[in-house]
Colleague: 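One structure, pasted below without further comment.
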Amino acid sequence: MSIKVRYFASLKERLGHAETELELSAPLSAGQIWQRLNPAIPLPEGTLTAINMEYASLDSLLTDGDELAFFPPVTGG
Amino acid sequence: MSIKVRYFASLKERLGHAETELELSAPLSAGQIWQRLNPAIPLPEGTLTAINMEYASLDSLLTDGDELAFFPPVTGG
Amino acid sequence: MQIKLSAEPFNPWQILHDYETEQRQLAGQYGATAVFVGTMRDFNQGDDVVVMQLDHYPGMTEKQLTRIVEQAQQQWAILDGLLLHRVGKIEPNDTLVIVAVWSAHRGDAFDASRFIMEALKKQAPFWKQETLSSGEVRWVSSNSDGYLKPAHNAK
Amino acid sequence: MQIKLSAEPFNPWQILHDYETEQRQLAGQYGATAVFVGTMRDFNQGDDVVVMQLDHYPGMTEKQLTRIVEQAQQQWAILDGLLLHRVGKIEPNDTLVIVAVWSAHRGDAFDASRFIMEALKKQAPFWKQETLSSGEVRWVSSNSDGYLKPAHNAK
């Protein structure tokens with residue numbers, strides 16, 4: 001099961017990369033994926049999560065081919 | 001004591017004239033002036049009153065040189 | 001700050017472009033511009049309208065508009081404002097009014113522009129007389145609450 | 001209805017003029033146009049800002065903007081709308097965003113344009129990075145409530 005994980009803005013800078021491909025043998029939630037990929041870094045407070053470009057909660061389970069994104073509060077307009 | 005009285009929009013049309021000069025020997029209120037000038041026509045409901053281009057009540061007393069105006073509800077914008 | 005009546009048609013976007021360009025001291029200061037443009041429709045209350053006469057009370061109209069803009073300046077942090085209102089003979093799709101407010105932050109511009117428009121509709125001495133396609137000529141008796149759907153009246 | 005991102009600078013009044021001119025079917029239908037234009041200031045939180053980078057999430061940004069405009073269409077009687085947002089490298093006094101709504105009556109245009117702007121600020125994935133005159137580069141951490149004076153927070 002293949003998941004694409006993307007980071008934006010300050011989170012991308014802090015982690016030093018914009019995206020990662022992840023192979024999973026069992027379904028994980030968005031929060032569990034963050035922990036697996038960034039075990040030393042607690043998810044920063046206020047971080048937003050999107051699955052396939054829709055806002056999602058950290059409890060949401062990912063399925064094959066999903067695109068998961070983490071990003072800081074938005075500041076457009 | 002000289003007062004200028006003006007009418008606008010539908011009120012002007014209904015009365016058939018736009019303005020009148022009025023000579024008074026004693027102070028009258030805006031409402032009393034309407035009655036004196038238009039004894040057969042009750043002041044139409046919703047009519048607005050202005051003295052010297054400021055909104056005023058029908059009880060306001062006029063003084064020499066004042067401009068009194070009567071007009072229907074405004075419909076600009 | 002500009003408050004004006006115009007007996008001639010104008011293009012609202014051209015006016016806004018020119019005005020903003022002239023206000024060089026504003027450049028870099030404003031983060032928000034809220035604009036309302038009122039335009040003559042070719043229908044009203046179910047009837048086709050072919051032309052409109054917009055009367056006003058010269059002197060009082062300007063005085064009331066100035067007061068309304070000053071009240072907005074007292075209530076909100078405004079950097080600049082523009083209020084231009086048509087008078088005289090008006091054809092469908094002509095611009096009736098422009099209200100524009102420049103401010104550092106959006107809330108002030110949004111609130112102030114709406115306040116000015118609502119106050120203008122209630123207080124500024126203008127009167128519309130419509131000529132319908134049937135030939136009938138009628139005075140518009142009052143302004144609506146501003147919503148198409150009655151459901152919004154309750155808001 | 002047009003929803004677009006632009007990596008190039010644009011003149012908001014020219015855009016609005018051109019868009020309205022193209023929508024010939026709207027002529028005579030709309031009585032109200034409410035517009036918000038967001039512009040880059042040369043200061044923020046007390047610091048001079050010399051340039052800004054506006055990042056976004058290609059695909060998701062457009063998706064969220066489209067949803068927001070659709071929600072506005074469901075809530076208010078809108079005839080047409082325009083939403084144009086800058087991305088990329090931005091200089092002071094550049095336009096960041098235009099939101100324009102055309103409707104028959106003013107309340108619908110006012111409400112819908114403000115709804116779209118507030119929703120965009122909260123939901124659309126854009127991120128601002130400012131370069132200050134000191135050379136410092138910083139991410140803007142969150143949007144303000146939109147008022148200069150804290151007193152308005154209570155409203």
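All values below come from the heavy atoms of this structure, side chains included, with hydrogens, waters and symmetry mates left out. Chain letters run A, B, ... following the sequence lines, proteins first and then strands; every chain starts at 1.
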Colleague: Based on non-hydrogen pairs under 4.5 Å, which of C:Ala34, C:Gly28, C:Ala109 is most in contact with chain D?
Modeller: C:Gly28

Colleague: With a 4.5 angstrom heavy-atom cut-off, could you sort out which part of C:Ser144 is near chain D: side chain, backbone, both or neither?
Modeller: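 Both backbone and side chain.
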
Colleague: Using a cut-off of under 4.5 Å for heavy-atom pairs, which of D:Glu91, D:Met117, D:Glu118 has the most such pairs with chain C?
Modeller: D:Glu118

Colleague: Fit a plane to each ring of C:Tyr19 and C:Trp102, take the angle between them on a 0 to 90° scale, and name the class: parallel (under 30°), tilted (30 to 60°) or perpendicular (over 60°).
Modeller: tilted

Colleague: Under 4.5 Å heavy-atom distance to chain C, tell me which part of D:Asn11 shows up: side chain, backbone, both or neither.
Modeller: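 The side chain, not the backbone.
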
Colleague: Checking heavy atoms, do the side chain of D:Ser113, its backbone, both or neither come under 4.5 Å from chain C?
Modeller: both

Colleague: Please flag which part of D:Ser103 lies under 4.5 Å from any non-hydrogen atom of chain C: side chain, backbone, both or neither.
Modeller: neither

Colleague: Judged by modelled atom types alone, do C:Asp111 and C:Trp76 share a side-chain donor-acceptor pair under 3.5 Å?
Modeller: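 The criterion, which ignores hydrogens and geometry beyond distance, is satisfied for C:Trp76 and C:Asp111.
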
Colleague: Say whether C:Glu130 and C:Asn44, considering side chains only, have a donor N or O and an acceptor N or O under 3.5 Å apart.
Modeller: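 There is such a pair between these side chains.
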
Colleague: Looking at C:Glu136, I'd like to know if its CD atom is crowded, meaning that more than 12 non-hydrogen atoms belonging to other residues, nucleotides or ligands lie closer than 6.0 Å.
Modeller: yes

Colleague: Is a donor from one side chain sitting under 3.5 angstrom from an acceptor on the other, for C:Gln23 and C:Gln25?
Modeller: yes

Colleague: Less than 4.5 Å to any heavy atom of chain C: does that hold for the side chain of D:Glu20, its backbone, both, or neither?
Modeller: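 Side chain only.
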
Colleague: Is it possible for you to check whether C:Arg106 lies under 6.0 Å from the centre of the six-membered ring of C:Phe110, through NZ or CZ, and within 45° of that ring's axis?
Modeller: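 No.
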
